[in-house]
Novice: 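After the structure tokens below, expect a handful of questions from me.
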Amino acid sequence: MINVGIFGASGRMGQAVIQALVNDNEASLSAAIVRKNSSSYGKSATENEPVHFISADELQPEEIDVLIDFSLPEALTENLKLAEQYQLPIVVCTTGLNEEQKERLAQAAETVAVLYASNTSVGIALLEQLVGISSAALPNADIEIFEAHHRHKKDGPSGTALSLGQAAAKGRQQSWEQVNDGIRSDGLRSDEGIGFSVMRAADIIGEHQVTLAVAGERIEIGHRVSNRKTFADGALRAAKWLEEQAPGLYSLQDTLNLQDILQRMLKQ
Ligand SMILES: NC(=O)C1=CN([C@@H]2O[C@H](COP(=O)(O)OP(=O)(O)OC[C@H]3O[C@@H](n4cnc5c(N)ncnc54)[C@H](OP(=O)(O)O)[C@@H]3O)[C@@H](O)[C@H]2O)C=CC1
Ligand SMILES: O=C(O)C1=N[C@H](C(=O)O)C[C@H](O)C1
């Protein structure tokens with residue numbers, strides 16, 4: 001049985017992971033971590049099991065095998081410090097990271113196993129591969145990315161949308177910094193630019209669509225999540241994989257054999 005500690009345990013995703021752990025035969029909840037001033041602090045985190053919301057300074061590292069971070073970017077540095085201090089692998093799922101925070105991930109990965117996933121669903125991992133192949137196969141297509149999320153989301157474009165843009169740029173061997181047009185506020189596109197449109201409404205859980213358009217036709221590749229359990233199951237799957245890995249910076253792609261499958265299909 002793998003013992004899991006969750007940062008951001010009181011949030012939408014933290015709650016979804018706790019719920020997924022209730023039905024998991026291979027992993028169990030050992031720490032539900034919130035801020036000390038959280039309204040959840042000290043309350044029971046689960047219905048039937050004796051796990052309470054605790055603060056990071058109350059962690060019992062010997063009771064934890066792997067950490068999952070579903071808090072917010074502001075907490076990343078502190079969370080990585082704890083992973084390093086206790087030598088625990090950590091799956092980081094927060095989005096909206098700045099450059100400094102991304103570098104901090106790489107730094108932590110020198111001493112502990114770190115998996116960063118802006119989206120833990122297997123469907124998005126596949127979509128990334130399909131977008132890379134499509135953008136390489138249609139080098140002149142205009143690429144635009146649309147994403148929609150719930151009204152409480154704090155970052156945009158979503159981490160997933162940015163990862164899809166990077167997959168498209170990689171497919172064409174382009175520098176992401178050069179082709180990233182960001183959110184198209186002025187409605188104008190550059191020749192090779194990849195632009196984003198963002199919707200925030202009600203309780204939409206997560207939708208992404210990549211459009212590749214040439215004159216006369218367009219391809220639209222999309223993905224919709226209708227239940228946070230999809231992300232929670234994916235994070236747990238990644239955590240179980242990461243628990244056995246040496247220090248290093250990993251992605252969800254490392255846990256799947258999608259590239260092998262696609263290469264086999266492309267050869268046929
Ligand atoms: N990788 C993936 O597949 C997915 C990633 N996400 C990302 O996960 C993150 C969390 O999303 P979601 O659960 O919807 O967000 P929520 O706002 O619901 O939860 C975040 C939790 O983090 C805690 N928190 C807030 N601010 C801080 C802080 N400064 N320091 C430490 N803890 C803090 C809060 O708990 P408290 O106040 O109780 O301490 C809060 O409940 C986002 O970055 C989101 O984009 C979301 C879905 C899927
Ligand atoms: O905040 C969310 O909810 C989500 N965030 C992630 C992102 O920014 O890509 C993943 C998912 O789409 C839900």
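We count ligands from 1, going down the list as the structure has it; atoms in each ligand are counted the same way.
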Novice: Applying a strict 4.0 Å limit to heavy atoms, is His150 in contact with ligand 2?
Specialist: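 The answer is yes, since His150 has a heavy atom less than 4.0 Å from ligand 2.
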Novice: Starting from atom 39 (O) of ligand 1, locate the nearest protein heavy atom and write down its residue, its atom name and how far away it is, to 0.1 Å.
Specialist: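 Of every protein heavy atom, Arg35 N, 2.9 Å lies nearest to atom 39 (O) of ligand 1.
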Novice: When you measure from atom 44 (C) of ligand 1 to every protein heavy atom, which one gives the shortest distance, and what is it?
Specialist: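 Protein heavy atom at minimum distance: Thr95 OG1, 3.7 Å.
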Novice: Does Arg228 come within less than 4.0 Å of ligand 1, judged by its heavy atoms?
Specialist: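 Judged by the 4.0 Å heavy-atom criterion, Arg228 does not count as contacting ligand 1.
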Novice: In terms of heavy-atom contacts, does CG of Asp191 have more than 12 from other residues, nucleotides or ligands at under 6.0 Å?
Specialist: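 Open.
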Novice: State the atoms of ligand 2, each with its element, that fall below the 4.0 Å cut-off from a heavy-atom position in His208.
Specialist: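 Matching atoms, with element in brackets: 12 (O).
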Novice: Consider ligand 2: state whether an atom of it lies below 4.0 angstrom from any non-hydrogen atom of Thr120.
Specialist: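 The answer is no: ligand 2 sits nowhere under 4.0 Å from a heavy atom of Thr120.
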Novice: Does atom CZ (Arg224) have a neighbourhood of more than 12 heavy atoms from anything else shown, all under 6.0 Å?
Specialist: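 12 or below, so no.
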Novice: With backbone taken as N, CA, C and O and side chain as the heavy atoms from C-beta onward, which portion of Val225 lies under 4.0 Å from ligand 2: side chain, backbone, both, or neither?
Specialist: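 None of Val225 does.
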Novice: Tell me if the CG atom of Asp186 is crowded by more than 12 foreign heavy atoms within 6.0 Å.
Specialist: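 Enclosed.
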Novice: Would Gly159 count as being in polar contact with ligand 2, using the rule that some N or O on each side must be under 3.5 angstrom apart?
Specialist: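 Between Gly159 and ligand 2 (N or O atoms, distance only) the closest approach is under 3.5 Å.
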Novice: Taking the non-hydrogen atoms of Ala117, is any one of them nearer than 4.0 angstrom to ligand 1?
Specialist: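 Within the 4.0 Å threshold, so yes.
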Novice: Heavy atoms only: which of Cys93, Ser71, Gly8 is nearest to atom 42 (C) of ligand 1?
Specialist: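 Among Cys93, Ser71, Gly8, the closest heavy atom to atom 42 (C) of ligand 1 belongs to Ser71.
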Novice: Checking contacts here: is it the side chain or the backbone of Glu147 that comes within 4.0 Å of ligand 2, counting heavy atoms only? Could be both or neither.
Specialist: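 Neither; nothing of Glu147 gets under 4.0 Å from ligand 2.
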Novice: Can you check whether Val210 reaches Glu220 side chain to side chain, under 4.5 Å on heavy atoms?
Specialist: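 Heavy-atom side-chain distance check fails, nothing below 4.5 Å.
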Novice: What do we get for Met13 next to ligand 1 when only non-hydrogen atoms under 4.0 Å count, side chain, backbone, both or neither?
Specialist: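 For Met13, the contact with ligand 1 is made by both the backbone and the side chain.
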Novice: If you take the nearest heavy atom of each of Gly11, Ser10, Gly206, which one is closest to atom 34 (C) of ligand 1?
Specialist: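 Nearest heavy atom to atom 34 (C) of ligand 1 lies in Ser10.
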Novice: How does Ser39 reach ligand 1, by side chain, by backbone, by both or by neither, if only non-hydrogen atoms under 4.0 Å count?
Specialist: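 No part of Ser39 comes within reach of ligand 1.
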Novice: When you look for heavy atoms under 4.0 Å from ligand 2, do you find them on the side chain of Ser158, its backbone, both, or neither?
Specialist: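 Contact part for Ser158 vs ligand 2: both backbone and side chain.
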Novice: At less than 4.0 angstrom from any non-hydrogen atom of Thr160, what atoms of ligand 2 do you find?
Specialist: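 Near Thr160, meaning under 4.0 Å from one of its heavy atoms, ligand 2 has 7 (C), 9 (O), 10 (C), 12 (O).
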Novice: Which ligand 1 atoms are under 4.0 Å away from a heavy-atom of Val34?
Specialist: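 Within the 4.0 Å cut-off of Val34, ligand 1 contributes 38 (O), 39 (O).
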Novice: Would Ser118 count as a polar contact of ligand 1, with the cut-off being nitrogen or oxygen pairs under 3.5 Å?
Specialist: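 In this structure, Ser118 places an N or O atom under 3.5 Å from an N or O of ligand 1.
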Novice: Just to be sure I read this right, does ligand 1 sit under 4.0 Å from the backbone of Lys153, its side chain, both, or neither, counting only heavy atoms?
Specialist: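 Under 4.0 Å from ligand 1, Lys153 contributes side-chain atoms alone.
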Novice: Can you tell whether the side chains of Asp181 and Arg189 come within less than 4.0 Å, N to carboxylate O?
Specialist: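 Here Asp181 does not pair with Arg189 in a salt bridge, since their nearest N and O are not under 4.0 Å apart.
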Novice: With backbone taken as N, CA, C and O and side chain as the heavy atoms from C-beta onward, which portion of Met13 lies under 4.0 Å from ligand 2: side chain, backbone, both, or neither?
Specialist: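 Neither; no heavy atom under 4.0 Å.
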Novice: Run the numbers for me: atoms of ligand 1, each under 4.0 Å from some heavy atom of Glu74, listed by number.
Specialist: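 Once the distances to Glu74 are compared, the set is 29 (N).
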Novice: Could you tell me the residue and atom name of the protein heavy atom closest to atom 20 (C) of ligand 1, and the distance to it rounded to 0.1 Å?
Specialist: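 For atom 20 (C) of ligand 1, the nearest protein heavy atom comes out as Phe70 O, 3.9 Å.
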Novice: Tell me: protein heavy atom nearest atom 18 (O) of ligand 1, and distance?
Specialist: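 Here the nearest protein heavy atom works out to Arg12 N, 2.9 Å.
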Novice: Do me a favour and list the nearest non-hydrogen protein atom to atom 31 (C) of ligand 1 with residue, atom name and distance?
Specialist: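 Scanning the protein heavy atoms, the shortest distance from atom 31 (C) of ligand 1 goes to Ala75 CB, 3.3 Å.
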